[in-house]
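Side chains are part of it too, since the values below use all heavy atoms of this structure and drop only hydrogens, waters and symmetry mates. FYI, the numbering just counts along the sequence from 1.
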Amino acid sequence: MMLKKIMISLVILLYAGAVPLLEISNTHMFNPNWTPHVRIHEVWQLSTNTAIGILCLWLVWVKKEFKLSTLLSLLVIGGFLIAYLLQDLYGGSMKYLDGSEKTILNLNIGIVGFGLGFILLVIVHFYGSSDNNKVST
């Protein structure tokens with residue numbers, strides 16, 4: 001069960017810790033080209049996702065509740081994947097104004113990280129154990 005806790009926690013730390021660290025910067029939250037209205041949505045998204053992540057960590061490590069934690073985390077990172085897939089419909093992009101993009105192996109870093117995280121959570125959620133909800137310590 002420790003491996004399951006660690007795998008879930010790594011994905012949570014990705015969306016609740018790493019993403020805010022990357023986005024509290026001049027490329028996102030303090031971007032002078034963004035309107036104040038867009039910035040408030042950015043801070044709202046970051047604080048909401050971080051709060052959900054803290055709840056999910058508590059569920060995993062204190063309550064030993066894996067199912068709800070993985071479902072909430074799937075919703076958070078699944079929301080990003082949906083936004084990415086629909087970006088052409090609303091004029092979104094993962095590229096910066098200068099045309100650059102953060103990539104790994106020529107793939108967008110968000111798709112790589114959240115795509116792998118999503119797959120990992122699905123595996124843990126559906127194939128993690130026969131007692132998928134709670135475990136005793």
Side-chain angles (χ1 to χ4, degrees):
M1 288 306 137
M2 183 58 76
L3 181 60
K4 189 174 183 178
K5 285 181 175 182
I6 291 170
M7 291 189 317
I8 295 169
S9 297
L10 287 174
V11 176
I12 293 167
L13 292 174
L14 177 64
Y15 73 78
V19 169
L21 288 176
L22 291 171
E23 294 192 5
I24 299 173
S25 68
N26 287 339
T27 62
H28 287 75
M29 198 165 89
F30 298 112
N31 188 329
N33 296 310
W34 285 15
T35 65
H37 185 80
V38 171
R39 286 190 210 144
I40 202 161
H41 281 280
E42 172 71 2
V43 173
W44 174 22
Q45 173 257 315
L46 292 174
S47 59
T48 300
N49 288 354
T50 298
I52 292 168
I54 291 167
L55 171 64
C56 288
L57 287 172
W58 177 77
L59 287 169
V60 167
W61 290 95
V62 176
K63 300 296 283 182
K64 293 162 184 63
E65 168 68 59
F66 300 123
K67 185 174 265 189
L68 183 57
S69 181
T70 57
L71 285 173
L72 288 169
S73 295
L74 282 166
L75 290 173
V76 171
I77 62 176
F80 169 82
L81 296 172
I82 289 169
Y84 185 85
L85 290 172
L86 298 177
Q87 67 185 330
D88 291 340
L89 295 176
Y90 63 90
S93 176
M94 287 297 289
K95 293 183 179 180
Y96 297 109
L97 293 175
D98 66 3
S100 67
E101 183 177 15
K102 290 187 179 177
T103 61
I104 298 174
L105 302 173
N106 267 352
L107 297 170
N108 178 274
I109 193 170
I111 290 299
V112 172
F114 284 161
L116 292 173
F118 193 88
I119 292 166
L120 183 63
L121 288 175
V122 167
I123 290 168
V124 168
H125 184 74
F126 290 107
Y127 306 106
S129 74
S130 58
D131 181 13
N132 208 19
N133 197 22
K134 289 187 177 185
V135 295
S136 58
T137 53

> Can you tell me how far CG of Leu75 sits from CZ of Phe80, rounded to the nearest 0.5 angstrom?
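Nearest 0.5 Å value for the CZ-CG distance: 15.5 Å.
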
> Report the distance from atom OG of Ser93 to atom CG of Asn108, rounding to the nearest 0.5 Å.
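The CG atom of Asn108 is 8.5 Å from OG of Ser93, to the nearest 0.5 Å.
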
> Determine whether Trp34 and Met29 make a side-chain contact, defined as any pair of heavy atoms from C-beta on separated by less than 4.5 Å.
no

> Just verifying a value: how many Å separate Ile40 CD1 and Thr35 OG1, rounded to the nearest 0.5 Å?
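It comes to 10.5 Å.
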
> Any chain of hydrophobic side-chain contacts (each under 4.5 Å) joining Val112 to Ile123?
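In one cluster: no.
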
> Are Ile54 and Leu74 connected in a single hydrophobic cluster, I mean Ile/Leu/Val/Met/Phe/Trp/Tyr linked by side-chain heavy atoms less than 4.5 Å apart?
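Different clusters.
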
> In Å, rounded to the nearest 0.5 Å, how long is the span from OH of Tyr96 to CG of Asn33?
13.5 Å

> Given Val19, which of Leu46, Thr50, Ile24 fulfils the side chain to side chain contact (heavy atoms under 4.5 Å, CB included) condition?
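Per the side chain to side chain contact (heavy atoms under 4.5 Å, CB included) rule, the option paired with Val19 is Leu46, out of Leu46, Thr50, Ile24.
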
> Measure the spacing between CG of Leu72 and CD1 of Ile77 and express it to the nearest 0.5 Å.
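Nearest 0.5 Å value for the CG-CD1 distance: 12.0 Å.
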
> Got Phe114 and Val11 here, is their nearest side-chain heavy-atom distance under 4.5 Å?
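Counting from C-beta outward, Phe114 and Val11 never come under 4.5 Å.
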
> Are Leu116 and Tyr127 grouped together when hydrophobic residues (ILVMFWY) are joined by side-chain heavy atoms under 4.5 angstrom apart?
no

> Can Leu81 and Ile111 be said to form a side chain to side chain contact (heavy atoms under 4.5 Å, CB included), step by step?
CA-CA 7 Å; Leu81 296 172; Ile111 290 299; 3.8 Å; yes

> For Leu10, does the CG atom have more than 12 heavy-atom neighbours from other residues, nucleotides or ligands under 6.0 Å away?
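Above 12, so yes.
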
> Say whether Ile6 and Ile8 are linked into one hydrophobic cluster, either directly or through other cluster members, by side-chain heavy-atom distances under 4.5 angstrom.
yes

> Step by step, would you call Leu22 with Lys102 a side chain to side chain contact (heavy atoms under 4.5 Å, CB included)?
CA-CA 11 Å; Leu22 291 171; Lys102 290 187 179 177; 4.0 Å; yes

> Is any side-chain heavy atom of Val76 closer than 4.5 Å to one of Cys56?
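Cys56 vs Val76: side chains apart.
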
> Give me each pair satisfying side-chain hydrogen bond (donor to acceptor under 3.5 Å, both in side chains) with a member in residues 6-27, each pair once, sequence neighbours excluded.
Ser9-Trp61, Tyr15-Ser73, Ser25-Thr27

> Test your reading of the model: is there a side-chain donor-acceptor pair from Tyr90 to the backbone of Ala83, 3.5 Å cut-off?
yes

> Over 60° means perpendicular and under 30° means parallel, so classify the ring planes of His41 and His37, tilted if in between.
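The arrangement is perpendicular - the two ring planes meet at more than 60°.
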
> Take Lys5 and Phe66, measure what side chain to side chain contact (heavy atoms under 4.5 Å, CB included) needs, and give me the verdict at the end.
CA-CA 8 Å; Lys5 285 181 175 182; Phe66 300 123; 3.6 Å; yes

> Out of curiosity, Ile12 CD1 to Met7 CE, how far, rounded to the nearest 0.5 Å?
12.0 Å

> Between Val60 and Ser69, what is the shortest heavy-atom contact and its length?
CG2-OG, 3.3 Å

> Do Met94 and Leu105 sit in one hydrophobic cluster, given that two such residues count as connected whenever their side-chain heavy atoms are within less than 4.5 Å of each other, even indirectly?
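No, Met94 does not connect to Leu105 through the hydrophobic network.
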
> Does any N or O in the side chain of Ser47 come within less than 3.5 Å of the main-chain N or O of Val43, such that one atom is a donor and the other an acceptor?
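Here the side-chain-to-backbone pair exists.
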
> Between Leu13 and Leu57, is any pair of side-chain heavy atoms under 4.5 Å apart?
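Yes, at least one pair of side-chain atoms sits under 4.5 Å.
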
